[in-house]
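Report on one structure; see the data block that follows.
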Amino acid sequence: MSVEIFYDDDADLSIIQGRKVAVIGYGSQGHAHALSLRDSGVDVRIGLPEGSKSRAKAEDEGLRVLSPAEASKEADLIMVLAPDTKQRAIYTEDIEPNLNAGDALFFGHGFNIRYDLIKPPANVDVAMVAPKGPGHLVRRQFVDGKGVPCLIAIEQDPSGNAQAIALAYAAAIGGARAGVIKTTFKEETETDLFGEQSVLCGGASALVQTGFEVLTEAGYAPEIAYFEVLHELKLIVDLMYEGGIARMRYSISDTAEYGDLTRGPRVITPEVKENMKAILAEIQDGTFAREWVAEDEADRPNFRKLQEAGEQHPIEETGRKLRGLMSWVDRPITETA
Ligand SMILES: NC(=O)C1=CN([C@@H]2O[C@H](COP(=O)(O)OP(=O)(O)OC[C@H]3O[C@@H](n4cnc5c(N)ncnc54)[C@H](OP(=O)(O)O)[C@@H]3O)[C@@H](O)[C@H]2O)C=CC1
Ligand SMILES: CC[C@](O)(C(C)=O)C(=O)O
Ligand SMILES: [Mg+2]
Ligand SMILES: [Mg+2]
């Protein structure tokens, strides 16, 4: 095996328990890290601006909430879990003036370091602990005594201890129960962006919406179409998760398996593979990052338009109706455990 994988036995939790940690941001990842760090005996404070919607949520959990600058000043390890597009300004205005030699600056995703948007001083450890799953699942798994696998990466290591600190941090949020893999900021950023754009989010959303459109435009009931192309997808993906594509194919009927083997490549054609390569190239050469930063600076007009169109897609209305009949499915996305 070419990668190093670490587990709880490889991590020394006392290292992170001996640090003063500031978690900047209390959204999907921020709430999961902060609550699990606290439950692991770590001294945590949250950095959020005045007027942030997240302040009340953190305070309701009994966490100390300070401004990002105050939290950074108090802490000797700062984990940046604000939106990627906001991190550069937060770093310049709130974190950088409060960084001391020997501090550690941590990220949950490598975007700002990989694309040189943030350039920390050489006397500060710079590392990443990136859970490979959505924050609400990171927290739920921790509470259930399990964990979401994490990637760690070290960009700067003046203390000589950055890897041990990152491993301890990953263990404190449950990641080392599942496995912690060492990577680089470059590899994490490029593969994470590719995965979410081409397969996990972009690819999967477009596949599901298109399948729903084909069935309903052909006159089939939207409810039937929803079950076939969205609801059942989770059941199929669960089998892949447990035992790979082979396990899924073992479990489905041979009729489905024959259709999978012969029709799948007609959906995901060589042209689709070329499209994926083009998307990867835009990630590697920085085109996507420049586009996304510019879109954010322009107040996200295209993003909002596309978001709205997605919310108006007929599959959402059908889904809301059906999930309303399945009380066990409709977990609010704000639920934290
Ligand atoms: N979502 C996920 O599961 C994953 C995210 N990541 C990475 O984690 C990081 C955080 O992403 P995510 O959790 O999705 O972010 P969210 O959008 O869910 O949350 C962002 C948080 O940052 C706060 N915030 C906004 N502006 C500031 C500011 N100026 N100073 C301090 N806090 C601010 C927001 O507060 P408010 O409520 O006021 O908006 C909110 O609490 C990103 O780097 C992302 O790539 C990595 C793996 C998975
Ligand atoms: C798949 C999306 C993700 O990369 C994640 C949850 O890991 C993200 O940026 O939210
Ligand atoms: Mg990811
Ligand atoms: Mg991501």
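One-based numbering along the sequence shown. Both counts, for ligands and for their atoms, begin at 1 and track the order of listing.
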With heavy-atom distances below 4.0 Å as the criterion, list the atoms of ligand 1 near [X].
| X | answer |
| --- | --- |
| His109 | 7 (C), 43 (O), 45 (O) |
| Pro68 | 30 (N), 31 (C) |
| Ile90 | 27 (C), 28 (C), 29 (N), 30 (N), 31 (C) |
| Gly133 | 3 (O), 48 (C) |
| Tyr26 | 21 (C), 40 (C), 41 (O) |
| Ser52 | 35 (O), 36 (P), 37 (O), 38 (O) |
| Ile24 | 31 (C) |
| Pro131 | 47 (C) |

Could you say whether the N/O atoms of Gly135 and ligand 1 ever approach to under 3.5 Å?
yes
Heteroatom proximity flag, Gly27 to ligand 1, N/O under 3.5 Å
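Yes, Gly27 has an N/O under 3.5 Å of an N/O on ligand 1.
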Checking one value in my table: which N/O/S atom of Glu196 lies closest to the Mg ion (ligand 4)?
OE1
Name, closest N/O/S atom of Asp192 to the Mg ion (ligand 4)
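For Asp192, the N/O/S atom sitting closest to the Mg ion (ligand 4) is OD2.
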If hydrogens are left out, which of [options] has an atom nearest to [atom], that is, the closest non-hydrogen atom?
| atom | options | value |
| --- | --- | --- |
| atom 26 (N) of ligand 1 | Ala69, Pro83, Ala71, Ser28 | Pro83 |
| atom 6 (N) of ligand 1 | Gln29, Lys132, His136 | Gln29 |
| atom 11 (O) of ligand 1 | Gly108, Gly25, Ala82, Ala32 | Ala82 |
| atom 45 (O) of ligand 1 | Val23, Asp84, Leu81 | Asp84 |

Does the [X] side chain pair with the main chain of [Y], one donor and one acceptor, at a distance under 3.5 Å?
| X | Y | result |
| --- | --- | --- |
| Asn98 | Ala69 | yes |
| Ser251 | Arg247 | no |
| Gln156 | Val124 | yes |
| Glu188 | Ala153 | no |
| Asp103 | Asn100 | yes |
| Arg55 | Pro49 | yes |

So, Thr191 and Glu187: side-chain donor and acceptor under 3.5 Å apart, yes or no?
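The criterion, which ignores hydrogens and geometry beyond distance, is not satisfied for Glu187 and Thr191.
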Answer yes if the side chains of Ser159 and Asp125 hold a donor-acceptor pair under 3.5 Å, and no otherwise.
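Their side chains do contain a donor-acceptor pair, which is all the 3.5 Å distance test asks for.
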Go through Arg323 and Tyr226 one step at a time and tell me if the side-chain hydrogen bond (donor to acceptor under 3.5 Å, both in side chains) criterion holds.
CA-CA 10 Å; Arg323 288 191 301 275; Tyr226 179 88; 2.8 Å; yes
Protein contact of [atom] - nearest heavy atom, named by residue and atom, plus distance:
| atom | result |
| --- | --- |
| atom 35 (O) of ligand 1 | Ser54 OG, 3.2 Å |
| atom 39 (O) of ligand 1 | Lys53 NZ, 3.7 Å |
| atom 7 (O) of ligand 2 | Asp192 OD1, 3.9 Å |

Does the plane of the ring in His109 sit parallel, tilted or perpendicular to the ring in Phe111? Use 30° and 60° as the thresholds.
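The rings of His109 and Phe111 sit tilted, inter-plane angle from 30° to 60°.
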Hey, what's the ring geometry for Tyr169 with Phe106, parallel, tilted or perpendicular (30° and 60° as the breaks)?
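Geometry flag for Phe106 against Tyr169: tilted rings.
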Indicate yes or no: at least one non-hydrogen side-chain atom of Phe288 is less than 4.5 angstrom from one of Gln197.
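Heavy-atom side-chain distance check passes, below 4.5 Å.
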Does His31 have a non-hydrogen atom less than 4.0 Å from ligand 1?
no
Hey, is atom 10 (O) of ligand 2 touched by any protein heavy atom at less than 4.0 Å?
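There is no protein heavy atom less than 4.0 Å from atom 10 (O) of ligand 2.
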Is there a protein heavy atom less than 4.0 Å away from atom 5 (C) of ligand 2?
no
Checking heavy atoms under 4.0 Å, the part of Ala130 that sits near ligand 1 is neither
Please identify which atoms of ligand 2 are closer than 4.0 Å to at least one heavy atom of Gly133.
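Answer for ligand 2: 6 (C).
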State the atoms of ligand 2, each with its element, that fall below the 4.0 Å cut-off from a heavy-atom position in Pro134.
6 (C)
Show the nearest heavy-atom pair for residues Ala168 and Ile16, with the distance to one decimal.
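It is O-CG2, 3.6 Å.
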Under the side-chain contact (heavy atoms from CB on, under 4.5 Å) test against Gln29, which residue among Val129, Leu81, Ile173 passes?
Leu81
Give yes or no for whether the N/O distance cutoff of 3.5 Å, strictly under, is met between Glu196 and ligand 2.
yes
May I ask you to check if Arg177 and Phe142 form a cation-pi contact, with NZ or CZ under 6.0 angstrom from the six-membered ring centre and within 45° of the axis?
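The answer is yes, since Arg177 meets both limits relative to Phe142.
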